[in-house]
Structures are given as structure tokens and as C-alpha cells.
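The block underneath contains the structure these notes are about, expressed in C-alpha cells.
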Amino acid sequence: MSVTAEVLDPRFDPRPEYWTALRERAGLRADWSWEVLNRQAWCARTYQPVTVLKDGGDVRGVVCAAWVTGGVRRNRFARAGSGLGLLGGLDVRAPGTSATPGWWFADAGPDGGVRELLDGYARAMRAELGTRFRVMLLRQVGQEGVATVSGRLRLVRRTEDVAVLDLTRFATRAEWAASLPKARRTSLRKIGRDVDADTALAIDVVPGRDADVPAVAELLRHNEVKHRDVPIVPLPQFTGYLTALLAEPDVVVIRYTDTGSGRLLAVAIVLDDPVRPIMRHWSAVPVEAGGRPNLYFHCYGECVRWALEVGRPALVLGKKMSKVKKSLGAELVPQYAAVIPVW
């Protein structure tokens, strides 16, 4: 394959004519929408190149990454210029969710596309960025790609597993709940009774475009405060980014609302997919601030109900809280990260 690369900056470059067809072909969810990528890139700490690899006129792959240098700071946005600095590296990651790889290749091969990253993509980015490009961090490498990324002067580590719930055995939410360990099953039934008895609580599933974006953005910040244990603290969800994301036709929102005040108490955002929808966001008002207890667990049942009703064979529950998700019937799929020097 004679690979050429088109390196795009979503802040400035218009949506490529082939982008909609590429997303459909590759199964790229709403967070790969060009409008969503544009908003994310403007809200990012650093330059976010999207690289399309082609063989002649045929698109053969796409990779999303973030350029990282010593100048990247939590409260400093990407500069209008290149902002590349003297030395840096590419953090290859999905644009929205940490539960999926940040790449797709038509000829991925048995290692899930890792060889394509090390060969065609790395060469293309070295040509684009020059000798300042010294290292790649590959996230969401599957077990099948570990042998390919391993080697001298490379660091490979297992990261958090991704929880995937197989729904093919179930026809209803009740069947799924009945399959769980006794303690979890009993707990979910009690939570269900308590939530159902709360006459001031309304639960609905709506298209993302019907959600109140400012209310969702405010609510999501409760959850972000909990996850300041990571080396690079997540930025808050900006309303501009959420407006673009929720407007996509393949986004579903599960809402818990106080019927008296109209206050949004909890929300889950699901990126739909014909095979494996992803629970992208979750957040709830803390109980001490007027929220309801146990909505986190109740929401899994609502997600399962929705997925079964629309005929989805699996549901990706994401990362973190792996023991809880395993108790809900999910398989924990190993994921790895690899640091690759670029010579």
C-alpha cells in the first residue's frame, strides 16, 4: 500500500467531503462527528490532529491524537498557531471516550491495527511534525496488539479494563437482572422498588437534541469533581461541545428529573451504535445537595432496558468501577497502553 496522509486540524479545516461516508464505513460514533471534533479541538489544551491515511483516492485509515509537550497545562488552551514547541509526542486516543481505540484501519489485521500505527501513521506524522516528534503513546491497545507494540526501549502496561455487557442472552431487563449474583440482584430489586415509589421522580429516555444542554453541563461537573485522581485532570464539559454532541442523531439521553422543581437530578449520555452502544457520561446531584440515592445503579437497568428494546446485542459500560460492572454481568476486556519511541 502506497500511503499518503492528510493531516487535518478540526479547528480550521472544513469537514472533508468523504467524512460522513468514512464514519459510516468505520462505525465511528457521534464523538467523531466533524462538528463535535471542531468544538473539542477549540476547547482542548493542545493541538488535536486528525490524520486520514489514503491509498490513492481510497481512505484506508483514520487516527485521532493530541500533541503533548512540556507546555501543556490544564488551564491553557491550544494556541491559534502550531504551538508545537521543540520536542513532543502524540497521545493517540479516541476523541471522546476512553473505551474505544483512537484509530480505524480498513486493513487492521490480527493485531487490531497496531502495525499500521507503527508503520504508516508514524512515518506520516514524522514527515508532518519533523524531528520534534519523538514519542507516541498508544492507548486502548487490545490483547491482540501487545506482541506488536512490545520491544526494546518500549514500555507496555495494562491499564483499566473496559466493561462490555453481552445482551444476546436476554429478552428483557428482568431476565438480565435474574442472571446476576444474588446480592447484586437483591440490591437492584430493592433500588427499583424505592425509585418506583418516588412519585416526585420522572425517568425518560430522549434523543440528545431534546436535552437541556446547560443543565446537563452543570450536572456533569459533579462527576468530574470525583475523578481528580488522574495525572491530567479532566476539563469540565463545555456547553459548546455538549451542544454539538447532543445534536448528533446517534446520541441518547436518560434523564432523572424532579417533577416538582423541574431540576435535572441525574443523566446518562449514550452514544448509540448498531452493535455496541457506549455509556459515555454519567452524573447525578449528590444526595446531600438534594439528589436521590442509588440512581447510579438504577440507571444501568434503564440502559439495559433501552438497549434491548432497540435491539442492541451489547452495551459498553466503559472504564472505572470495574468490580461493580462485573457484578452487573459485564466482561472485563483487557486494555494496554504503550510508549513507543520514534527514531
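Source: prediction; values computed, not measured.
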Is there a donor-acceptor contact under 3.5 Å from the side chain of [X] to the main chain of [Y]?
{"X": "Trp103", "Y": "Ala94", "answer": "no"}
{"X": "Thr97", "Y": "Ala99", "answer": "yes"}
{"X": "Lys325", "Y": "Lys320", "answer": "yes"}
{"X": "Asp55", "Y": "Asp58", "answer": "no"}
{"X": "Trp306", "Y": "Val252", "answer": "no"}
{"X": "Asp250", "Y": "Ala30", "answer": "yes"}
{"X": "Thr159", "Y": "Gln335", "answer": "yes"}
{"X": "Thr148", "Y": "Val114", "answer": "no"}
{"X": "Trp176", "Y": "Leu328", "answer": "yes"}
{"X": "Asn38", "Y": "Pro10", "answer": "yes"}

Check this for me: [X], atom [atom1], are more than 12 non-hydrogen atoms of other residues, nucleotides or ligands nearer than 6.0 Å?
{"X": "Arg158", "atom1": "CZ", "answer": "yes"}
{"X": "Glu218", "atom1": "CD", "answer": "no"}
{"X": "Arg25", "atom1": "CZ", "answer": "yes"}
{"X": "Arg312", "atom1": "CZ", "answer": "yes"}

Could you go step by step and tell me if Trp34 and Thr20 meet the side-chain contact (heavy atoms from CB on, under 4.5 Å) rule?
CA-CA 9 Å; Trp34 198 256; Thr20 299; over 6 Å; no
Heavy-atom check, side chain of [X] versus side chain of [Y], under 4.5 Å:
{"X": "Arg255", "Y": "Val206", "answer": "yes"}
{"X": "Val316", "Y": "Val162", "answer": "yes"}
{"X": "Leu245", "Y": "Glu35", "answer": "no"}
{"X": "Val324", "Y": "Phe297", "answer": "yes"}
{"X": "Trp67", "Y": "Arg132", "answer": "yes"}
{"X": "Val253", "Y": "Leu246", "answer": "yes"}
{"X": "Leu90", "Y": "Phe133", "answer": "yes"}
{"X": "Val270", "Y": "Arg280", "answer": "no"}

May I ask you to say whether [X] pairs ionically with [Y], meaning some side-chain N is under 4.0 Å from a carboxylate O?
{"X": "Asp198", "Y": "Arg292", "value": "yes"}
{"X": "Glu302", "Y": "Arg173", "value": "yes"}
{"X": "Asp161", "Y": "Lys326", "value": "no"}

Could you walk me through whether Glu175 and Arg169 satisfy the salt bridge (charged side-chain N to carboxylate O under 4.0 Å, His left out) test, starting with their C-alpha distance in whole Å, then the side-chain angles of each, then the deciding distance to 0.1 Å, before giving a yes or no?
CA-CA 9 Å; Glu175 288 184 11; Arg169 298 178 292 133; over 6 Å; no
First locate atom [atom1] of [X], then atom [atom2] of [Y], and finally report the distance between them rounded to the nearest 0.5 Å.
{"X": "Glu17", "Y": "Leu22", "atom1": "CD", "atom2": "CG", "result": "13.5 Å"}
{"X": "Leu315", "Y": "Ile278", "atom1": "CG", "atom2": "CD1", "result": "9.5 Å"}
{"X": "Leu220", "Y": "Ile269", "atom1": "CG", "atom2": "CD1", "result": "5.0 Å"}
{"X": "Ser179", "Y": "Arg185", "atom1": "OG", "atom2": "CZ", "result": "8.5 Å"}
{"X": "Leu53", "Y": "Asp107", "atom1": "CG", "atom2": "CG", "result": "11.5 Å"}
{"X": "Trp19", "Y": "Trp32", "atom1": "CH2", "atom2": "CH2", "result": "6.0 Å"}

Would you name the heavy atoms of [X] and [Y] that are closest together and state the gap between them?
{"X": "Ala266", "Y": "Leu295", "value": "CB-CD1, 3.8 Å"}
{"X": "Pro341", "Y": "Arg154", "value": "CD-CG, 3.9 Å"}
{"X": "Thr199", "Y": "Thr259", "value": "O-OG1, 3.8 Å"}
{"X": "Gly61", "Y": "Phe105", "value": "CA-CD2, 3.8 Å"}
{"X": "Ala314", "Y": "Val164", "value": "CB-CG1, 4.5 Å"}
{"X": "Ala338", "Y": "Val156", "value": "CB-CG2, 4.1 Å"}

Would you say [Y] and [X] are linked by a side-chain donor-acceptor pair, where the criterion is simply a distance under 3.5 Å?
{"X": "Gln143", "Y": "Tyr336", "result": "yes"}
{"X": "Tyr18", "Y": "Glu6", "result": "yes"}
{"X": "Ser33", "Y": "Glu248", "result": "yes"}
{"X": "Arg184", "Y": "Ser327", "result": "yes"}

With side-chain contact (heavy atoms from CB on, under 4.5 Å) as the test, would you mind laying out the steps for Arg126 and Val342 before giving the verdict?
CA-CA 8 Å; Arg126 189 59 183 264; Val342 178; 3.5 Å; yes
Would Arg11 pass as a cation-pi partner of Trp42, given that its NZ or CZ must be under 6.0 Å from the six-membered ring centre and within 45 degrees of the axis?
yes
Between [X] and [Y], is there a shared hydrophobic cluster once you connect ILVMFWY residues whose side-chain heavy atoms come closer than 4.5 Å?
{"X": "Leu271", "Y": "Leu167", "result": "yes"}
{"X": "Val195", "Y": "Val285", "result": "yes"}
{"X": "Leu265", "Y": "Leu242", "result": "yes"}
{"X": "Tyr300", "Y": "Leu332", "result": "no"}
{"X": "Leu138", "Y": "Leu129", "result": "yes"}

Which ILVMFWY residues are connected to Val339, directly or by a chain of links, through side-chain heavy atoms under 4.5 Å apart?
Val135, Leu137, Leu155
After noting the C-alpha distance and the side-chain angles of Phe170 and Val304, does the key distance pass the side-chain contact (heavy atoms from CB on, under 4.5 Å) rule?
CA-CA 10 Å; Phe170 314 118; Val304 168; 5.9 Å; no
Mind running salt bridge (charged side-chain N to carboxylate O under 4.0 Å, His left out) on Asp91 and Arg93 for me, showing each step along the way?
CA-CA 6 Å; Asp91 180 356; Arg93 62 193 187 196; 2.8 Å; yes
What's the verdict on side-chain contact (heavy atoms from CB on, under 4.5 Å) for Leu118 and Ile340, showing C-alpha distance, side-chain angles and the deciding distance?
CA-CA 8 Å; Leu118 299 182; Ile340 311 292; 4.0 Å; yes
